[in-house]
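The structure under discussion appears below in the form of structure tokens.
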Amino acid sequence: MDTKFNPSNIEQALYQAWEEKGYFKPAGQGDAYCIMIPPPNVTGSLHMGHAFQQTIMDALTRYKRMDGHNALWQMGTDHAGIATQMVVERKLAAEGQPDRHQLGREKFIDKVWQWKEESGGTITRQMRRLGNSLDWTRERFTMDDGLSNAVKEVFVRLYQDDLIYRGKRLVNWDPKLQTAISDLEVENKEKQGSIWHLRYPLADGAVTKDGKNYLVVATTRPETMLGDTAVAVNPADERYQALVGKEIILPLVNRRIPIIADDYVDQEFGTGCVKITPAHDFNDYDVGKRNNLPMVNVLSPTAEVVAQGEVYYADGTANNEFSADIPADLQGLDRFAARKAIVEQFEAAELLEKIEPHTNKTPYGDRSGVVIEPYLTDQWYVRVEQMAKTATEAVENGDIQFVPKQYENMYFSWMRDIQDWCISRQLWWGHRIPAWYDEQGQVYVGRDEAEVRKQYQLDDTVALKQDDDVLDTWFSSALWTFSTLGWPDNTEDLKTFHPTDVLVTGFDIIFFWVARMIMMTMHFIKDENGKPQVPFKTVYVTGLIRDDEGNKMSKSKGNVIDPLDMIDGISLDDLIEKRTGNMMQPKLAAKIEKRTRKEFADGIEAHGTDALRFTLAALASTGRDINWDMKRLEGYRNFCNKLWNASRYVLMNTEGQDCGQDGGELDYSLADKWILGRLQQTVQSVRGHFDQYRFDLLAQNLYEFTWNQFCDWYLELTKPVLNSGSEAQQRATRKTLVTVLETLLRLMHPVMPFISEEIWLKVAPLAGVNASTIMLQPFPSFQADKIDESAIADVEWLKTFILGVRNIRGEMNISPNKPLSVLVKNVSTSDQNILDQNDSFLRSLAKLDDIKVLADDQKGPASATAYVGDMAILIPMAGLIDKDAELARLKKAIDKNEKDLQRVAGKLKNEKFVNNAPAAVLQKEKDKQAEFEQALNKLKQQYDEISAL
RNA sequence: GGACGCUUAGCUCAGUUGGGAGAGCAUCGCCCUUACAAGGCGAGGGUCACUGGUUCAAGUCCAGUAGCGUCCA
């Protein structure tokens with residue numbers, strides 16, 4: 001073995017072997033355990049969030065697989081409708097190719113499939129580098145035939161059950177992408193804007209109470225006035241009661257619109273008069289419905305003023321009796337240009353009362369970044385009320401549990417006022433809606449055109465045209481847990497693996513995905529008794545990985561760190577190129593470059609997959625965002641190296657030697673018994689942490705045991721045995737070395753798959769295990785009978801002894817190389833026993849020449865002193881230790897002890913404490929007091945003796 | 001405005017039912033000792049955001065304040 005762990009030498013070959021040999025497939029026996037991967041975007045690439053969540057999923061899967069479960073981690077990717085379509089459109093533009101509209105739908109979709117074929121392997125290759133034990137043979141894609149069938153099936157059945165409907169509604173419209181988007185894809189931002197106070201002249205000579213011949217309405221969006229169909233006041237507002245029912249003349253367009261009364265209007269806000277534009281504002285839309293107002297759409301799909309307003313009745317049907325003309329000079333203006341022009345015209349007509357600054361919430365499309373327009377269009381909706389009720393109950397009654405639990409509140413609050421789900425998107429890339437229209441616009445829903453014709457008895461003379469729209473990407477991912485297992489067929493896989501066990505995901509998609517998955521699954525999947533099945537029993541919600549300053553990682557900020565760069569390393573220049581390569585704004589690129597040069601002056605070193613995974617696990621405290629810290633990664637890379645070198649030591653001392661696997665006498669040392677016990681304690685707590693999803697504590701346990709127990713103490717304690725022990729002692733120690741290491745590797749494997757496998761393949765045969773992989777070995781089980789309490793206590797005694805000597809060495813700057821002779825005093829029978837039996841350990845670890853026992857009445861030379869209980873260890877000062885230095889050391893110890901004693905004594909003097917505290921607590925305090933007092937006396941005595949010299 | 005979360009060592013974070021404040025990194029000192037200098041040994045470092053309350057006892061429970069963050073309106 002190399003003296004340094006070099007991950008790049010081993011990782012890819014091991015992974016390839018695992019995959020080729022089919023180790024990732026379910027064993028076919030044992031209780032089922034299943035995790036469905038949140039399908040990453042097929043054309044995307046791996047980011048830290050993926051690495052984080054996948055590490056957790058893989059660790060869980062490997063743990064359960066080793067623990068005898070029929071474990072499946074289902075692989076699949078998502079077609080990511082808008083995102084992918086945008087990428088391809090940009091690519092076409094960059095290459096100077098015809099755009100999507102020039103190409104036409106079919107050719108464009110071909111291009112997208114081409115792009116998917118080209119780039120679809122990127123993320124799956126990257127995921128392999130993480131060591132993910134996904135079953136690749138079952139890989140699915142949301143647009144493959146099976147899943148597309150499931151989508152159609154679900155759509156048709158929901159339609160038949162009247163849970164899907166089509167209607168003209170106000171939706172969030174993205175004028176750039178020219179599609180509807182859901183509430184969840186809208187980001188509301190506070191913007192400094194204005195509020196315009198506009199005068200609307202009253203018709204027929206009516207006047208207000210204070211004698212004005214106009215009303216003043218306040219609006220943040222003056223351009224929508226072209227579509228106003230009423231002015232509303234509060235019915236209780238005495239200022240305007242007399243005017244309700246009268247009309248105003250809408251300026252610029254000279255349309256008569258009524259003054260209506262509606263509770264929605266806030267009397268306190270502005271003038272108490274509100275213009276109502278049902279086709280361009282969600283609140284107004286509701287007002288319009290309540291008051292049966294016509295709706296006038298004045299914008300085109302690209303948010304330009306149309307030539308003629310489109311008018312609809314409140315129920316969405318076309319209204320031909322009402323006309324909404326638009327002044328010629330405004331036609332075709334962009335919405336922002338229209339705003340400017342309209343305000344100018346109001347001002348010119350002396351109808352602009354005033355303009356006030358105003359901060360308003362403006363909706364932006366989270367993909368396009370443009371202002372979203374409430375827009376009246378025909379869309380498909382899922383009626384979710386009943387499904388939401390069932391889905392809420394599943395969490396309420398504990399069939400589904402969130403970890404951490406507080407996310408259940410988030411889930412409940414959303415479910416309580418859930419809106420019908422707009423599932424149609426005006427895109428080309430996605431599942432085309434299985435609905436056909438005849439020439440009269442009559443809609444027919446079916447799995448395909450043939451089915452529609454048959455079902456509705458439409459012969460070939462009836463021309464049918466399929467709906468142009470596709471379904472929201474989340475529609476297909478909502479079916480993920482069961483569509484991937486072969487639904488609508490009642491497959492063996494579905495019976496075996498559904499409901500799945502854990503969903504690991506970010507809180508940001510609880511609404512988008514988790515909630516919808518629960519709704520859809522419970523509606524379609526029932527057990528033998530007809531009870532709705534949940535998609536998964538546990539939702540483990542992870543936090544976000546942020547950069548070292550707590551900022552979200554994003555391309556535009558240029559602070560993204562690619563997980564693979566942490567694994568393989570990257571030069572500074574390459575990193576800068578990667579971060580600024582496709583930047584449109586040179587200014588931004590310069591800033592990012594500067595920052596990157598500062599943060600990664602030498603680029604990023606290679607750390608290996610195991611170190612990355614271990615870091616992610618160690619940082620995974622429940623539900624909290626993680627500020628990424630390269631230093632942590634470095635620390636855990638060092639940890640891998642530590643394990644590697646410890647293993648080297650074990651192998652150097654066991655390979656080709658008798659490790660007791662074929663019989664032979666075994667004489668276990670105290671250290672052997674101790675480490676075997678500590679190992680069991682570690683096994684127990686690691687299992688516990690796995691079951692509680694506490695990967696941070698689990699990682700800490702592994703780290704602590706490996707470094708602070710196994711390496712720092714046990715390996716050192718084996719040296720004297722291996723150097724000079726008897727054959728039976730050496731055999732027992734070799735056996736312990738390989739047994740502990742072999743077990744430890746299995747314990748680590750779920751988190752650190754590569755290094756554990758690499759070492760295990762060498763160590764296992766020495767421990768009597770011959771197999772081709774650690775992956776399919778049993779996960780260590782807790783064996784209480786291997787814990788030898790007295791061995792643990794005795795080793796603690798030895799540690800105290802050794803630490804006492806080391807402390808003096810350290811404080812006195814005595815070289816660790818210089819052997820010392822020490823004297824011991826006040827030696828009890830049990831002290832004497834331990835001393836006799838562990839002489840070689842003490843000599844070796846404390847680097848001692850000699851340990852002499854001093855009779856109780858014998859006075860030793862002037863010495864620096866350490867204690868193990870009552871027993872004193874004397875290190876003669878002569879020639880080694882400066883008097884003042886020793887006095888200073890003692891003073892420090894005395895101060896510390898006095899502080900401790902004071903605290904404890906204070907407690908014990910408090911009658912209330914003595915009377916109220918539980919007996920065990922009280923006794924503990926008393927013991928402590930005695931202990932501190934004793935120690936203090938000794939230290940003080942020692943101090944006096946030395947100062948008298 | 002409502003809900004939730006966070007505030008612990010210089011930095012990143014643990015702290016499980018209330019009972020002597022922890023880890024990693026960083027810092028300081030001594031060591032290239034045949035597993036490991038990506039290391040060994042030793043040491044220093046905290047008004048647990050603030051205020052009040054409950055309790056014999058509060059980082060931990062309760063109330064409030066401040067700052068930060070997220071979601072919703």
Side-chain angles (χ1 to χ4, degrees), chain A residues 1-5 183-184 188 361 404 406-410 412-414 416-417 507-508 510-511 543-544 546 548-550 552 605 607 611 615 618-653 685 688-689 692 694 696-697 699-701 703-704 707-708 711-712 715-716 718-719 723 802-803 805-819 844-847 889 892 899-900 903-904 906-908 910-918 920-922 924-925 927-928 931-932:
Chain A
M1 283 171 89
D2 207 345
T3 58
K4 280 200 170 94
F5 173 51
D183 296 349
L184 295 170
N188 288 301
K361 288 271 180 170
Q406 70 255 24
Y407 285 106
E408 290 181 3
N409 290 331
M410 199 166 160
F412 289 140
S413 71
W414 191 63
R416 262 199 301 274
D417 11 73
F507 65 90
D508 49 334
I510 287 180
F511 308 146
L544 231 58
R546 299 167 174 277
D548 55 334
E549 289 171 357
K552 261 190 188 175
E605 273 186 61
H607 294 84
T615 308
L619 293 173
S621 45
T622 44
R624 227 176 117 132
D625 284 359
I626 294 170
N627 291 353
W628 186 252
D629 180 5
M630 289 301 286
K631 293 287 185 187
R632 289 290 288 259
L633 178 63
E634 210 176 302
Y636 293 124
R637 177 198 56 172
N638 296 352
F639 175 62
C640 291
N641 194 49
K642 187 74 178 177
L643 175 66
W644 181 259
N645 276 292
S647 305
R648 272 182 68 222
Y649 171 82
V650 173
L651 290 168
M652 282 166 60
N653 286 289
S685 61
H689 294 319
Q692 302 289 317
R694 288 304 303 266
D696 55 336
L697 300 180
Q700 205 190 331
N701 278 171
Y703 188 99
E704 206 275 339
W707 201 311
N708 303 121
C711 292
D712 285 352
L715 294 189
E716 294 305 321
T718 62
K719 287 174 184 175
N723 280 335
I802 294 159
L803 288 171
V805 176
R806 284 178 179 171
N807 174 273
I808 292 170
R809 270 185 198 276
E811 296 276 311
M812 298 305 152
N813 281 349
I814 301 172
S815 161
N817 299 327
K818 183 169 178 60
S844 167
L845 272 76
K847 187 87 179 168
R889 188 185 73 90
K892 203 160 78 181
K899 243 172 79 183
D900 288 342
R903 198 183 47 241
V904 175
K907 262 191 179 180
L908 287 169
N910 184 344
E911 267 180 52
K912 286 180 178 169
F913 173 74
V914 177
N915 294 336
N916 287 303
V921 173
L922 188 60
K924 213 168 144 190
E925 293 297 315
D927 292 349
K928 269 192 275 179
E931 197 183 303
F932 290 142

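No hydrogens, no waters, no symmetry mates; every other heavy atom, side chains included, goes into these values. Keep in mind that what you see is a predicted model, and the values were worked out from it rather than measured. Below, read A as the first sequence line, B as the second, and so on, with proteins coming before strands; counting in each chain starts at 1.
- Straight-line distance from the CD1 atom of A/I626 to the P atom of B/C25: 18 Å, rounded to whole Å.
- When distances are taken from the side chain of A/K892 to each of B/G44, B/U12, B/C4, the shortest belongs to B/G44.
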Sub-3.5 Å pairs of nitrogen or oxygen atoms, protein against nucleotides 68-73 of chain B:
{"residue": "B/A73", "atom": "N6", "partner": "A/K361", "partner atom": "NZ", "Å": "2.8"}

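- Rounded to whole Å, the separation between the C1' atoms of B/A26 and B/A73 comes to 45 Å.
- Taking atom P in both B/G45 and B/C4, the straight-line distance is 40 Å, to the nearest Å.
- In this structure, A/R416 atom CZ and B/C4 atom P are separated by 11 Å, rounded to whole Å.
- Rounded to whole Å, atom C1' of B/U12 lies 14 Å from atom OH of A/Y703.
- Here A/L697 lies in heavy-atom contact (under 4.0 Å) with sugar-phosphate atoms only.
- A search for ring pair (Phe, Tyr, Trp, His ring centres under 6.0 Å) contacts involving A/W414 returns A/F511, not counting sequence neighbours.
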Check the interface with nucleotides 36-41 of chain B: list each N/O to N/O pair with the protein under 3.5 Å, or write none.
{"residue": "B/C36", "atom": "O4'", "partner": "A/N645", "partner atom": "OD1", "Å": "3.1"}
{"residue": "B/C36", "atom": "O2'", "partner": "A/N641", "partner atom": "ND2", "Å": "3.4"}
{"residue": "B/C36", "atom": "O2'", "partner": "A/N645", "partner atom": "ND2", "Å": "3.4"}
{"residue": "B/C36", "atom": "O2", "partner": "A/K642", "partner atom": "NZ", "Å": "3.0"}
{"residue": "B/C36", "atom": "N3", "partner": "A/K642", "partner atom": "NZ", "Å": "2.9"}
{"residue": "B/A38", "atom": "O4'", "partner": "A/N638", "partner atom": "OD1", "Å": "3.2"}
{"residue": "B/A38", "atom": "O2'", "partner": "A/N641", "partner atom": "ND2", "Å": "3.1"}
{"residue": "B/G39", "atom": "OP1", "partner": "A/N638", "partner atom": "ND2", "Å": "3.0"}
{"residue": "B/G39", "atom": "O3'", "partner": "A/K642", "partner atom": "NZ", "Å": "3.1"}
{"residue": "B/G40", "atom": "OP1", "partner": "A/K642", "partner atom": "NZ", "Å": "2.8"}
{"residue": "B/G40", "atom": "OP1", "partner": "A/W707", "partner atom": "NE1", "Å": "2.6"}

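- Without hydrogens or angle criteria, A/R809 side chain to A/S815 main chain gives a donor-acceptor distance under 3.5 Å.
- When heavy atoms are screened at a 4.0 angstrom cut-off, A/F932 is found touching base atoms of the nucleic acid.
- Between A/K631 and B/C11 there is no side-chain N or O to OP1 or OP2 distance below 4.0 Å.
- Looking at every heavy atom in both residues, A/C640 comes nearest to A/A611 through SG-N, 3.9 Å.
- A/C640 comes within 4.0 angstrom of nothing in the nucleic acid, heavy atoms only.
- Screening A/Y649, A/F639, A/F5 against A/W644 for a ring-ring contact (aromatic ring centres under 6.0 Å, His included) leaves a single residue, A/F5.
- The pair A/K928-A/E931 does not count as a salt bridge, with every side-chain nitrogen at least 4.0 angstrom from each carboxylate oxygen.
- Of the two residues near RNA chain B, A/E811 and A/C711, the one whose nearest nucleotide lies more 5' is A/C711.
- Rounded to whole Å, the P atom of B/G1 lies 16 Å from the corresponding atom of B/G64.
- Atom name P, nucleotides B/C48 and B/G59: the rounded distance is 7 Å, in whole Å.
- Counting heavy atoms from C-beta on, the side chains of A/K847 and A/V805 never come closer than 4.5 Å.
- Looking at A/D625 and A/F507, their side chains come closer than 4.5 Å, going by heavy atoms from C-beta outward.
- The separation of B/C68 from B/C32, taken at their C1' atoms, amounts to 47 Å, rounded to a whole angstrom.
- As rounded to the nearest Å, B/C72 and B/A9 have P atoms that lie 32 Å from one another.
- Separating the CG atom of A/N409 from the P atom of B/G2 is a distance of 17 Å, rounded to the nearest angstrom.
- Salt bridge annotation for A/D927-A/K924: absent, with no cationic side-chain nitrogen under 4.0 angstrom from a carboxylate oxygen.
- Scored by the salt bridge (Lys or Arg N to Asp or Glu O under 4.0 Å) test, A/R889 finds A/E886 as partners (sequence neighbours excluded).
- Side-chain proximity of A/D696 to B/G20, B/A14, B/A35: nearest is B/A14.
- Closest non-hydrogen pair, A/F913 versus A/E925, comes out as CZ-CG, 3.7 Å.
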Between the protein and nucleotides 53-58 of chain B, list every N/O to N/O distance that falls short of 3.5 Å.
{"residue": "B/C56", "atom": "O4'", "partner": "A/K912", "partner atom": "O", "Å": "3.4"}
{"residue": "B/C56", "atom": "O4'", "partner": "A/N916", "partner atom": "ND2", "Å": "3.4"}
{"residue": "B/C56", "atom": "O2'", "partner": "A/N910", "partner atom": "ND2", "Å": "3.1"}

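- Here, B/C71 and B/C11 have their P atoms 26 Å apart, quoted to the whole Å.
- Secondary-structure annotation of RNA chain B gives the stems B:1-7 with B:66-72, B:10-13 with B:22-25, B:27-31 with B:39-43, B:49-53 with B:61-65, with a stem taken as at least 3 successive Watson-Crick or G-U pairs whose two distances both fall under 3.5 Å.
- In this structure, A/N915 places its CG atom 21 Å from P of B/G19, rounding to the nearest Å.
- The 5' end of RNA chain B is approached more closely, in terms of each residue's nearest nucleotide, by A/W628 than by the other of A/Y636 and A/W628.
- If you take NZ of A/K847 and P of B/U33, they are 10 Å apart, rounded to a whole angstrom.
- The distance from atom CZ of A/R694 to atom P of B/C13 is 14 Å, rounded to the nearest whole Å.
- The environment of A/Q692 atom CD is sparse: at most 12 non-hydrogen atoms of other residues, nucleotides or ligands sit within 6.0 angstrom.
- Atom name C1', nucleotides B/A3 and B/U55: the rounded distance is 31 Å, in whole Å.
- Under the 4.5 Å side-chain criterion, counting only non-hydrogen atoms from C-beta, A/H607 is in contact with A/M630.
- A straight line from CZ of A/R632 to P of B/U12 spans 11 Å, rounded to a whole angstrom.
- Judged by the 6.0 Å and 45° rule, A/K642 forms no cation-pi pair with A/Y703.
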